[in-house]
Amino acid sequence: MLEGKAMSKTRLEFRDVTKRFANKSQHSTEPFVTAVQHVDFAIKEGEVVSIIGPSGCGKSTLLNMGSGLDAPSEGQVFIDGQPVTGPSEHVAFMLQKDLLLPWRSIRENVELGLEIRGIAAEQRREKALDLLKKCHLGGFENHYPHQLSGGMRQRAAMARTLAVDPTVLLMDEPFSALDAQTKMVLQQDLARTLKEANKTALFITHDLVEAVALSDRVLVMSQRPGTIIQEFVIDLANRDDPMARRGDPGIAHYVPELMKLLHIGESGAKV
Amino acid sequence: MAELAPTVAPTPTMAKRMQNMFNRKEVLISTAVFIVFLIFWQWGPTWFGIPNYIIPPASDVYHEFIRMLGSDKLMYHTLYTAKGVLIGFFLGALLGMIIGYILGMSPTAEFVLSPYILALQIAPKVAFAPLFVMWFGFTSTPKILVAVLIVFFPIMVNVLGAIRTIDRDLINLVNSFKASRLQLFWKVEFRAAMPSLFSGLRIASTLAVIGIVVGEMVGGNEGLGYLLVWGSGSANTSMVFVSIIMLTLIGLVAYLAVIWAENKVLHYIPKRSSTGPQV
Ligand SMILES: Nc1ncnc2c1ncn2[C@@H]1O[C@H](COP(=O)(O)OP(=O)(O)OP(=O)(O)O)[C@@H](O)[C@H]1O
Ligand SMILES: [Mg+2]
């Protein structure tokens with residue numbers, strides 16, 4: 001990893017991004033649905049930024065544009081200063097669904113990205129086994145996905161994401177399908193990994209505490225058409241230790257603020 | 001590792017049941033049922049006053065079987081039909097897979113071709129048999145063609161449907177690794193369609209026998225279909241029974257072969273694996 005002034009380099013940037021979809025609803029005469037509008041933010045190297053916002057406000061849409069799977073209608077997305085025109089080898093994404101291929105063993109699943117990139121079998125294997133050990137799945141490399149628990153599968157998905165050595169990680173509610181305990185364990189591992197490898201991450205979640213516990217900054221989006229309405233710099237220690245952050249009294253400052261912004265607790269709130 | 005046991009209750013497949021047959025109690029019961037069935041077949045017709053030319057008793061059919069082995073070249077005709085089934089099944093399956101994968105990958109091709117495919121699918125395939133005989137004469141070609149036509153559809157439809165229902169996010173994932181179109185096909189689409197392909201193959205294995213036998217009944221002097229028509233024409237009911245039994249055996253072998261292959265290929269699907277995952 002680079003150090004010194006390279007630390008402040010911008011890795012991922014959304015520059016005045018708007019995304020419209022063709023309106024498929026029969027009940028509306030509007031030709032377009034505007035999912036997100038004038039979204040503008042930048043994430044520096046090694047920074048972890050969370051986005052929270054009501055359901056349907058366009059969070060996943062932002063992530064798709066970041067990974068180059070979908071193009072903005074207006075504005076541009078940049079990775080390392082280069083405009084995104086398609087999938088990049090520096091970016092990897094992880095979703096709520098583990099997307100493990102049922103016909104591949106866990107090791108073969110982790111190797112998927114490397115295999116597509118044409119890495120030699122021996123190297124792939126070594127890398128996959130190493131990552132599986134790091135993700136606490138040592139000994140499970142020859143198991144098939146259906147033989148693992150939800151938490152273990154999500155760990156395998158994490159290993160697959162890390163296997164291609166991305167500098168930028170895009171994560172769309174990766175832990176939201178897990179039970180509360182498993183979730184905390186995986187958050188802990190993720191936070192440590194991100195810090196150790198100095199990865200840049202954009203993290204989408206509906207869990208306010210999770211957002212605060214994992215991030216350097218939290219961006220709050222409005223209802224659709226989604227735009228960023230507020231930014232919180234999380235001024236807490238232990239970004240690599242969400243467990244400690246959960247116990248930090250300082251967290252009590254952020255969560256109620258976020259709840260208020262998202263109108264949680266008010267009637268008619270949509271999250 | 002107890003917690004790794006499949007969470008889905010295994011549905012008893014053919015292979016599973018065959019395994020269970022080694023269970024003594026079940027062997028005993030199923031043998032008993034078979035004996036009762038044979039007794040009923042042997043003496044049932046007489047009890048109910050059904051003449052032998054309507055339902056010949058088991059012993060008559062057995063004697064006819066022995067006679068046909070000797071003087072009617074029963075084995076030759078059975079192998080002739082089996083060969084047709086094998087070739088028709090193989091070609092039909094291959095064609096169904098190829099077209100299914102192509103249409104699955106190209107919505108445009110599907111849109112353009114769908115009216116013809118629908119028409120062909122609705123048309124009763126066996127009705128083509130006389131036409132094929134007119135075109136190719138009393139050779140094995142028309143029989144195999146009927147089988148190919150009849151086998152083709154369930155396989156194509158299943159493969160096409162499977163490709164269409166692949167999770168969009170999965171395709172996005174593979175694309176995010178910058179996979180080529182060919183890589184996407186071999187690493188995801190081809191494999192993801194396997195379970196549906198095998199459902200199609202199972203149906204097709206029995207349909208192939210229908211295709212061949214109809215072809216043989218329409219023309220030619222070879223195969224079990226020919227013996228069937230011959231037996232019917234000469235009022236030899238036992239001969240018809242023997243032919244039907246042999247056809248059923250061919251279908252059964254084909255079906256079990258597909259199940260066997262399915263258990264090998266789809267070993268990763270918990271509900272189908274008969275011995276549990278090899279770990
Ligand atoms: N491919 C598409 N075509 C048409 N409309 C779309 C498409 N993708 C998303 N949308 C619309 O854009 C809006 C934002 O969707 P998006 O999935 O980004 O929301 P989200 O913030 O991720 O929601 P959630 O929190 O529920 O995951 C929604 O109104 C959705 O209907
Ligand atoms: Mg979403």
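Computed from a predicted structure; not experimentally measured. Throughout, protein chains are lettered first and strands after them, A, B, ... in sequence-line order, and every chain is numbered starting at 1.
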The interface call for A/S88 against chain B, heavy-atom contacts under 4.5 Å, is backbone
Identify which part of B/N175 has an atom lying under 4.5 Å from any heavy atom of chain A, answering side chain, backbone, both or neither. both
With chain B, the option among A/M94, A/R104, A/R160 that has the most non-hydrogen atom pairs under 4.5 Å is A/R160
With a cut-off of under 6.0 Å to the ring centre and 45° to the axis, is B/K125 in cation-pi contact with B/F153? yes
Just by modelled atom types, is the A/G53 backbone N or O under 3.5 Å from a matching donor or acceptor in the A/K59 side chain? yes
Which class fits the ring pair B/F185 and B/Y101: parallel under 30°, tilted 30 to 60°, perpendicular over 60°? perpendicular
If you count heavy-atom pairs under 4.5 Å with chain B, which of A/G68, A/G86, A/P102 comes out on top? A/P102
Thinking salt bridges, do A/R117 and A/E89 make one under a 4.0 Å N-O criterion? no
Given heavy-atom pairs under 4.5 angstrom as the criterion, report whether the side chain, backbone, both or neither of A/L99 touches chain B. both
What distance do A/L63 atom CG and A/D172 atom CG have between them, rounded to the nearest 0.5 Å? 5.0 Å
What part of B/V265 lies closer than 4.5 angstrom to a heavy atom of chain A: side chain, backbone, both or neither? neither
